[in-house]
Amino acid sequence: MLDRKFIVDNADQVRRNCADRGLTVDVERLVQLELQRRERQRDVEDLNRRANEVAKSIGKAADAAAREARKEEGRQLREQKDRAQADVDRLEAEILQIQAGIPNMSHPAAPVGADDAANRELRRGRQVPRELDFPVLDHVDLAAKLDLIDFEGGAKIAGHGFYFLKHEAVLLELALQQFAVQRLVAEGFTPVVTPDLAYTEILQGTGYIPRGPETQIYSIENTNLNLVATAEITLGGLLAGEILDAEQLPRKLCGISHCFRTEAGAAGRAARGLYRVHQFTKVEMFAFTLPDQSDAMLEHFCDLECRLFDELEIPYRVVDTATGDLGGPAYRKYDLEAWMPGRGQGGQWGEVTSTSNCTDYQARRLNIRFKHRGQKGTQFVHTLNGTAIAISRALLAILENYQQADRSVLIPAVLQPWVGCDRIRPRVT
RNA sequence: GGAGAGGUGGCAGAGUGGACUAUUGCACUGGUCUUGAAAACCAGAGUCGGGGUAACUCGACCGUGGGUUCGAAUCCCACCCUCUCCGCCA
């Protein structure tokens, strides 16, 4: 959420940013409603003050008749106050609705454009895509030949988009988690395993919208709980409502969670196999920083993502996300897109990680602040999130990039200690 | 899941309808004393919003949301959470 005072004082800038992101938002109406609300709020406070004065005077009233008169006066003042408060509440609700639809401001260097066509490639990873001089399979066919993933089984018990991992795929899932968490712990992250469910207000604080027609979120009926779409939700929510000591920032966490996404409206998009599924495991990075640390932290997160994929020896490119393709809370976002030889005709880049600087947009709604010891006042922290490893897409990229002419798949060297072999061979049945 | 007890400032902990303008202690900040520190003593100090150049001042906040009342930390209702015991269970 953007600061309301900022919106009112910088309406033009906010309107332009909404346009850059391809959104139409009635900023003028918000400004107008907010000015009305402030005026009415002053009435509420004035009536409260007068009612408080009356209440205090009752004990000192000379006689019963005077006391009754004062009571009546107090009653009327409270009634007026209630009416004024109702106006304020009504205005507040309408303002919030508009305000919630306003995205974060965008980094001045972020490419301006309507969609991912305007994304800017920043650089490529160490590994270049291999020349494959044999018929290339995609991960679905590879997994079938190697008996690694059972999509039919997943569909049978939970529907399309669910799957069973089997054999070396299971070892790879665990190996990727180990690999990511160990690297991150060495970089000063506190590792956590988070809940896979969270309250609606926590999701909203992080910028996710449960229970709408277009929601990507699974909710538990008759409760206030939802399945998380990412550990970003639980990691951000962990410190909701807290005031942090400035000296203890930045604070870096990495969380393992399962991620659940309905993928409503995703039908028809390139979604074969593991690329777009309803459940996967992810190791997520999250940071709480001082405002002047967040730009550098975003670069740090991006560097870490690059290091992980360089170590896995998977080809990738880094992309600076265009304004129209940024999520609402993001101020700037970098994606890593891995080379996926089996995707499309002759291979395509496909997103494997994403890291965002959300500045104070999430922190304002989650109410996470910091203060300097001995100084008065608080400010909102900045929050950042980044994918370390999303298992399903990393697995996809490994299978397709490491496939061999004999239909075996090599195991990346860094993962071999955990997988316990250097190659997955077709299973003899 | 059942029964009981609770949720008050950074922490501990008092407050059961009107001077709460939230007692007190610890921790914190400044000062006095001291070569310096500790101790002692004195003083200050929460968050959010509004008004004012400022000293300052007004409103809100005692788990959350409603309600009763002229007036609620205090009474009532619902929900959330914590602790103890019991049940169930990996």
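Throughout, protein chains are lettered first and strands after them, A, B, ... in sequence-line order, and every chain is numbered starting at 1. Given the structure is predicted, the values throughout are model-derived calculations rather than measurements.
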Enquirer: Over all strands shown, is A:Lys81 touching base, sugar-phosphate only, or nothing at heavy-atom distances under 4.0 angstrom?
Expert: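 Nothing: the residue A:Lys81, judged by heavy atoms under 4.0 Å, touches no strand.
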Enquirer: Show me the protein contacts with nucleotides 79-82 of chain B, counting only N or O atoms at under 3.5 Å.
Expert:
residue	atom	partner	partner atom	Å
B:C80	O3'	A:Tyr199	OH	3.1
B:C81	OP1	A:Tyr199	OH	3.1

Enquirer: What residues, two or more places apart in sequence or in another chain, satisfy ring-ring contact (aromatic ring centres under 6.0 Å, His included) together with A:Phe162?
Expert: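 Partners of A:Phe162 under the ring-ring contact (aromatic ring centres under 6.0 Å, His included) test: A:His278.
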Enquirer: With no angle test and no hydrogens, is the base of B:G59 tied to the side chain of A:Gln41 by a donor-acceptor pair under 3.5 Å?
Expert: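 No.
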Enquirer: Are more than 12 heavy atoms, taken from residues, nucleotides or ligands other than A:Glu39, located less than 6.0 Å from that residue's CD atom?
Expert: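 Count not over threshold, so no.
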Enquirer: Could you work out, with side chain to side chain contact (heavy atoms under 4.5 Å, CB included) as the rule, every residue matching A:Pro329, not counting sequence neighbours?
Expert: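 A:Pro329 satisfies side chain to side chain contact (heavy atoms under 4.5 Å, CB included) with A:Cys358, A:Tyr361, A:Gln362 once adjacent residues are dropped.
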Enquirer: Which one is paired to B:C11, where only Watson-Crick or G-U wobble pairs with both distances under 3.5 angstrom count?
Expert: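 Partner of B:C11: B:G25.
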Enquirer: Strictly by Watson-Crick or wobble contacts shorter than 3.5 Å, is anything paired with B:G17, and which nucleotide is it?
Expert: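 B:G17 is paired with nothing.
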Enquirer: I need the full list of salt bridge (charged side-chain N to carboxylate O under 4.0 Å, His left out) pairs touching residues 411-424 of chain A, with sequence neighbours left out, sorted by first then second residue.
Expert: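 Qualifying pairs, neighbours excluded: A:Asp406-A:Arg423.
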Enquirer: Only one of A:Asp20, A:Leu326, A:Thr321 clears side chain to side chain contact (heavy atoms under 4.5 Å, CB included) with A:Ser106; which?
Expert: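 Going through the options one by one, the only one that passes is A:Leu326.
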Enquirer: For B:U84, which nucleotide is its Watson-Crick or G-U wobble mate, given both distances must be under 3.5 Å?
Expert: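 B:U84 is paired with B:A3.
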Enquirer: Paired with B:A78: which nucleotide, if any, by Watson-Crick or G-U wobble criteria at under 3.5 Å for both distances?
Expert: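 Pair assignment: B:A78 / B:U64.
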Enquirer: Take the protein atom CG of A:Asp46 and the nucleotide atom C1' of B:G51, then report the distance between them rounded to whole Å.
Expert: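 Answer to the nearest Å: 12 Å.
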Enquirer: Specify the separation, in whole Å, of atom CD of A:Glu45 and atom P of B:G52.
Expert: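 Roughly 13 Å, once rounded to whole Å.
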Enquirer: Which nucleotide, in any strand shown, forms a Watson-Crick or G-U wobble pair with B:G59, with both distances under 3.5 Å?
Expert: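 When the pairing criteria are applied, B:C48 turns out to be the nucleotide that pairs with B:G59.
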Enquirer: Quick one: side chains of residues 94-103 of chain A, donor-acceptor pairs under 3.5 Å with protein atoms, not counting sequence neighbours, listed by atom name and distance.
Expert:
residue	atom	partner	partner atom	Å
A:Glu94	OE2	A:Arg29	NE	2.9
A:Glu94	OE2	A:Arg29	NH2	2.6
A:Gln99	OE1	A:Arg4	NE	3.1
A:Gln99	OE1	A:Arg4	NH2	3.1
A:Gln99	NE2	A:Leu2	O	2.8

Enquirer: Please write out the pairs of protein N or O atoms and N or O atoms of nucleotides 8-13 of chain B separated by less than 3.5 Å, giving the distance to one decimal.
Expert:
none

Enquirer: Would you list the pairs meeting salt bridge (charged side-chain N to carboxylate O under 4.0 Å, His left out) in which at least one residue belongs to residues 184-209 of chain A, sequence neighbours left out?
Expert: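 Listed once each, the pairs are A:Glu187-A:Arg307.
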Enquirer: Rounding to the closest angstrom, what is the interatomic distance between B:G9 and B:C61 at atom C1'?
Expert: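 Nearest-Å result for B:G9 against B:C61 at atom C1': 11 Å.
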Enquirer: Checking A:Phe286 now: which residues fulfil ring-ring contact (aromatic ring centres under 6.0 Å, His included) with it, not counting sequence neighbours?
Expert: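 Only A:Phe288 meet the ring-ring contact (aromatic ring centres under 6.0 Å, His included) criterion with A:Phe286.
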Enquirer: Rounding to a whole Å, what distance do you find between A:Glu92:CD and B:A60:P?
Expert: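 In whole Å, B:A60 P lies 17 Å from A:Glu92 CD.
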Enquirer: Which whole number of Å gives the distance between the C1' atom of B:A12 and that of B:C28?
Expert: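 Per the computed distance, 15 Å lies between those C1' atoms.
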Enquirer: Mind checking the P distance from B:G6 to B:G63? Whole angstroms is fine.
Expert: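 The same atom, P, in both gives a distance of 14 Å.
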Enquirer: Could you give the distance separating B:A54 and B:C48 at their C1' atoms, to the nearest angstrom?
Expert: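 Going atom to atom, C1' in each nucleotide, I get 22 Å.
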Enquirer: If we take the P atom in both B:G25 and B:C81, what is their distance in whole Å?
Expert: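 36 Å, rounded to whole Å.
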Enquirer: Can you check nucleotides 62-71 of chain B for protein contacts, nitrogen or oxygen pairs under 3.5 Å, and list what you find?
Expert:
residue	atom	partner	partner atom	Å
B:C70	OP1	A:Arg75	NE	3.0
B:C70	OP1	A:Arg75	NH2	2.6
B:C70	O4'	A:Lys71	O	3.2
B:G71	OP1	A:Arg78	NE	3.4

Enquirer: Run the ring-ring contact (aromatic ring centres under 6.0 Å, His included) test against A:Tyr334 and tell me which residues pass, sequence neighbours left out.
Expert: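 With neighbours one apart ignored, the set is empty.
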Enquirer: Quantified in whole Å, what is the C1' atom distance between nucleotide B:G13 and nucleotide B:A73?
Expert: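 Approximately 14 Å lies between the C1' atom of B:G13 and that of B:A73.
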Enquirer: B:U82 and B:A27: how far apart are their P atoms, nearest whole angstrom?
Expert: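 That atom pair is separated by 31 Å.
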Enquirer: In terms of side-chain heavy atoms of A:Lys5, which of B:G59, B:C48, B:G50 is nearest?
Expert: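 The nucleotide sitting nearest to the side chain is B:G50.
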Enquirer: Can a side-chain donor-acceptor contact be found between A:Asn226 and A:Tyr208 if the only test is distance below 3.5 angstrom?
Expert: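 No donor-acceptor contact under 3.5 Å links the two side chains.
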Enquirer: Whole Å only: how far is the CD1 atom of A:Ile368 from the C1' atom of B:U47?
Expert: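 A:Ile368 atom CD1 is separated from B:U47 atom C1' by 16 Å.
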Enquirer: Can you list the residues that meet the ring-ring contact (aromatic ring centres under 6.0 Å, His included) rule with A:Tyr331, with sequence neighbours excluded?
Expert: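 Here the qualifying residues are A:His107.
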Enquirer: Can you measure A:Arg37 atom CZ to B:C48 atom C1' for me and round it to whole angstrom units?
Expert: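 Rounding to the nearest Å, CZ of A:Arg37 and C1' of B:C48 are 12 Å apart.
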Enquirer: Take atom C1' in B:A72 and the same atom in B:G30, then report the distance between them in whole Å.
Expert: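 Nearest-Å result for B:A72 against B:G30 at atom C1': 37 Å.
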Enquirer: Under the 6.0 Å and 45° cation-pi test, does A:Arg343 pair with A:Tyr275?
Expert: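 Yes, A:Arg343 lies over the aromatic ring of A:Tyr275.
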Enquirer: Do NZ/NE/NH1/NH2 and the carboxylate oxygens of A:Arg37 and A:Glu34 come within less than 4.0 Å?
Expert: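 Between A:Glu34 and A:Arg37 there is a salt bridge, with a charged N closer than 4.0 Å to a carboxylate O.
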Enquirer: What is the separation between atom CG on A:Asn48 and atom P on B:G50, rounded to the nearest whole Å?
Expert: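 After rounding, the gap between these two atoms is 17 Å.
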Enquirer: Could you state the CZ-P distance from A:Phe370 to B:C48, rounded to the nearest angstrom?
Expert: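 Between P of B:C48 and CZ of A:Phe370: 12 Å.
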Enquirer: Tell me the partner of B:C41, counting only Watson-Crick (N1-N3 plus N6-O4 or O6-N4) or G-U wobble (N1-O2 and O6-N3) with both under 3.5 Å; none if nothing fits.
Expert: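 B:C41 is paired with B:G31.
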Enquirer: Looking across every strand, which nucleic acid part, if any, lies under 4.0 Å from A:Arg38 by heavy atom: base, sugar-phosphate, or nothing?
Expert: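 No contact.
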Enquirer: CZ of A:Arg42 versus P of B:G49: gap in Å, rounded?
Expert: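 Rounded to whole Å, this separation is 15 Å.
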Enquirer: Mind checking what makes side chain to side chain contact (heavy atoms under 4.5 Å, CB included) contact with A:Asp12, not counting sequence neighbours?
Expert: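 Only A:Arg15, A:Arg16 meet the side chain to side chain contact (heavy atoms under 4.5 Å, CB included) criterion with A:Asp12.
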